[in-house]
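Read the numbers this way: they start at 1 and go in the same order the structure lists the ligands and their atoms.
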Amino acid sequence: MNEIFTGRVAIIGLGYIGLPTAAALATRGIDVIGVDVNEATVAAVSQGRVPFVEPELSTAVSGAVAMGRLTATTETPDADAYIIAVPTPFADDHLADLHYVRAAVEQIAPRLHGGEVVILESTSPPGTTLGVSKWLAELRPDLVLPHSSEGVPDVYVAHCPERVLPGRIMVEMVTNDRVVGGITPRCAQRAAEIYRVFCQGEIVLSDAASAEMAKLVENAYRDVNIAFANELSLISETLELDVWEVIKLANHHPRVNVLTPGPGVGGHCIAVDPWFIVGAAPLQSPLIRAARDVNDARPHHVAEQVAKKCGRFRDPTVACLGLAYKANVDDLRESPAVDIVADIARALPGLDLRVSEPLVDHLPPELELLGNVRLQAASDAIADADIVVLLVDHDHFRSLSRSRLAGKVVYDTRGLWR
Ligand code: SAJ
């Protein structure tokens with residue numbers, strides 16, 4: 001019989017993963033306390049508001065708060081289960097920076113009485129969940145942790161990586177299959193009870209290190225495929241071929257699925273996670289590292305192409321459409337579009353550079369500081385521009401009338417207007 005969890009859950013980190021997970025549990029009747037160090041986030045969630053754009057999340061959060069199932073605080077409370085959903089960025093050396101995970105463990109440790117489940121959801125290098133169990137043992141020598149005992153532990157520790165696609169989080173959280181890796185099989189079973197509350201996909205039980213690695217492999221696989229597409233784009237430029245046409249034809253083969261070239265790979269997952277594999281086995285991962293290098297080189301290549309096009313005009317005006325890291329999200333973190341605009345603005349300081357990003361109402365500080373970048377509505381930016389550079393395939397840009405582009409030099413890095 002598959003058990004389903006009925007206790008109280010504390011979720012540490014109310015970001016792009018923690019908050020949707022909190023809402024998914026709370027709207028299904030679980031008492032959830034969201035914990036975040038950011039007081040503005042706690043205040044927003046306490047009032048049922050979501051501090052970022054994600055379809056369907058607002059309704060779920062406001063409903064869960066109104067029902068009294070979801071609350072938010074800066075202090076980690078007592079709970080039956082803890083889900084750690086904090087960032088795991090990489091440091092300058094590309095190795096994982098686990099200090100947020102460590103801080104979460106330090107908050108949880110004093111709250112443990114015995115019988116709790118502690119789940120690491122943050123994407124992490126292999127061995128991190130074992131490290132969480134060891135940290136808890138250090139901080140609570142009075143408790144038996146699962147890595148040190150064959151018997152029944154006091155606390156169950158597992159890794160359950162999130163796999164949801166920003167922009168479709170609320171759908172994919174329910175429909176995707178879920179991998180749950182325990183420090184022991186019993187840890188995996190206990191953690192799975194929580195995901196059964198809302199997950200309709202298959203819940204696949206495994207060990208913690210395999211679950212950690214599987215998550216990294218998923219994103220590295222996508223990164224390598226996008227790097228292949230980006231390399232094809234460079235080859236096609238040299239051979240004067242249309243890369244979109246080439247890929248479209250190749251993808252008619254039943255066993256070929258080349259992804260889409262673009263201005264670079266952004267976000268805090270695909271551009272980060274492959275490095276955790278490279279960090280864990282540097283000598284065995286030249287392909288994964290090369291893919292990172294290919295994708296990281298894209299923004300500068302796009303900026304160079306724009307500068308070349310500017311050379312054809314005496315005093316050009318350039319409109320760059322999109323700043324987000326991908327279509328239909330308002331997330332500008334690790335966005336190749338931001339890097340490209342900054343690169344162009346620095347290379348051509350006198351340039352009249354207009355930027356349109358329908359999902360944000362102000363420029364990020366790094367572009368504001370440059371002085372020669374102006375945020376405008378797409379229609380105004382295009383109207384004044386000699387060169388139009390499409391950086392993000394937002395639906396908003398897809399629906400623009402093509403007649404607005406007549407007579408302009410158009411550089412469509414996403415193939416949106418083909
Ligand atoms: N991109 C391309 N070409 C493509 C697809 C994407 O250039 O064909 C670019 C996007 O524009 C963006 C970047 O890659 O800049 C990443 O976008 P994405 O939509 O591929 O992925 P993310 O980072 O939003 O979400 C990924 C997802 N992983 C996979 O699809 C394997 C998601 O399921 C994960 O949960 C998420 O990472 C995560 O949190 O790890």
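A salt bridge does not link R222 to E218: none of the charged nitrogens lies less than 4.0 Å from a carboxylate oxygen. A salt bridge links R354 with D352: at least one charged nitrogen is closer than 4.0 Å to a carboxylate oxygen. Between D80 and R8, none of the side-chain N atoms (NZ, or NE/NH1/NH2) sits under 4.0 Å from a carboxylate O, so this pair counts as no salt bridge.
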Apply the test salt bridge (Lys or Arg N to Asp or Glu O under 4.0 Å) to residues R69 and D31: give CA-CA distance (whole Å), side-chain angles for both, the deciding distance (0.1 Å), then the verdict.
-> CA-CA 5 Å; R69 292 286 184 201; D31 283 323; 3.1 Å; yes
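Here the heavy atom of the protein found nearest to atom 15 (O) of ligand 1 is Y325 O, 2.7 Å. Here the protein heavy atom with the shortest distance to atom 17 (O) of ligand 1 is K326 CD, 3.8 Å. In this structure, atom 1 (N) of ligand 1 lies nearest to the protein heavy atom I226 CD1, 3.6 Å. For atom 30 (O) of ligand 1, the closest non-hydrogen atom of the protein is R222 CD, 3.2 Å. For atom 3 (N) of ligand 1, the closest non-hydrogen atom of the protein is T260 O, 2.7 Å. With hydrogens left out, the protein atom closest to atom 33 (O) of ligand 1 is R163 O, 2.7 Å, a heavy atom. Atom 35 (O) of ligand 1 has its closest protein heavy atom at V164 O, 2.7 Å. The nearest protein atom to atom 27 (C) of ligand 1, hydrogens excluded, is given as L165 CD1, 3.7 Å; this is a heavy-atom distance.
Take R418 and apply the salt bridge (Lys or Arg N to Asp or Glu O under 4.0 Å) test, not counting sequence neighbours, and it matches D242, E245. Looking at residues two or more places apart in sequence or on another chain, you find no salt bridge (Lys or Arg N to Asp or Glu O under 4.0 Å) involving D412.
A distance-only check finds a donor-acceptor pair linking the side chain of E212 to the backbone of T128 [under 3.5 Å].
Y16 and F52 have their aromatic ring centers within a separation under 6.0 angstrom.
If you check each of N176, I247, V217, N219 against atom 29 (C) of ligand 1, the one with the closest non-hydrogen atom is N219. For atom 36 (C) of ligand 1, the nearest non-hydrogen atom from the set G167, C269, A229 belongs to C269. By heavy-atom distance, the residue among D393, D273, V392, I270 lying nearest atom 23 (O) of ligand 1 is I270. Closest to atom 13 (C) of ligand 1 by heavy atom, among S122, G266, A337, is G266.
In this pair, F198 and Y195 present their aromatic rings perpendicular. The plane angle is above 60°, beyond the 30 to 60° band.
Note on ligand 1: K215 sits in its first shell, one or more heavy atoms being nearer than 4.0 Å. Residue S335 places every heavy atom at 4.0 Å or more from ligand 1.
Shown in contact with P166 at under 4.0 Å from a heavy atom are these atoms of ligand 1, numbered in order with element: 24 (O), 25 (O). Within ligand 1, the atoms closer than 4.0 Å to a non-hydrogen atom of E218 are 31 (C), numbered from 1 in the order shown.
Side-chain contact between E193 and T6 is absent, with no heavy atoms from C-beta onward closer than 4.5 Å.
Neither the backbone nor the side chain of E172 comes within contact range of ligand 1; no heavy atom lies under 4.0 Å. If you look at R414 next to ligand 1, the close heavy atoms, those under 4.0 Å, all belong to the side chain.
The distance from atom CG of L112 to atom CG of L136, rounded to the nearest 0.5 Å, is 6.0 Å.
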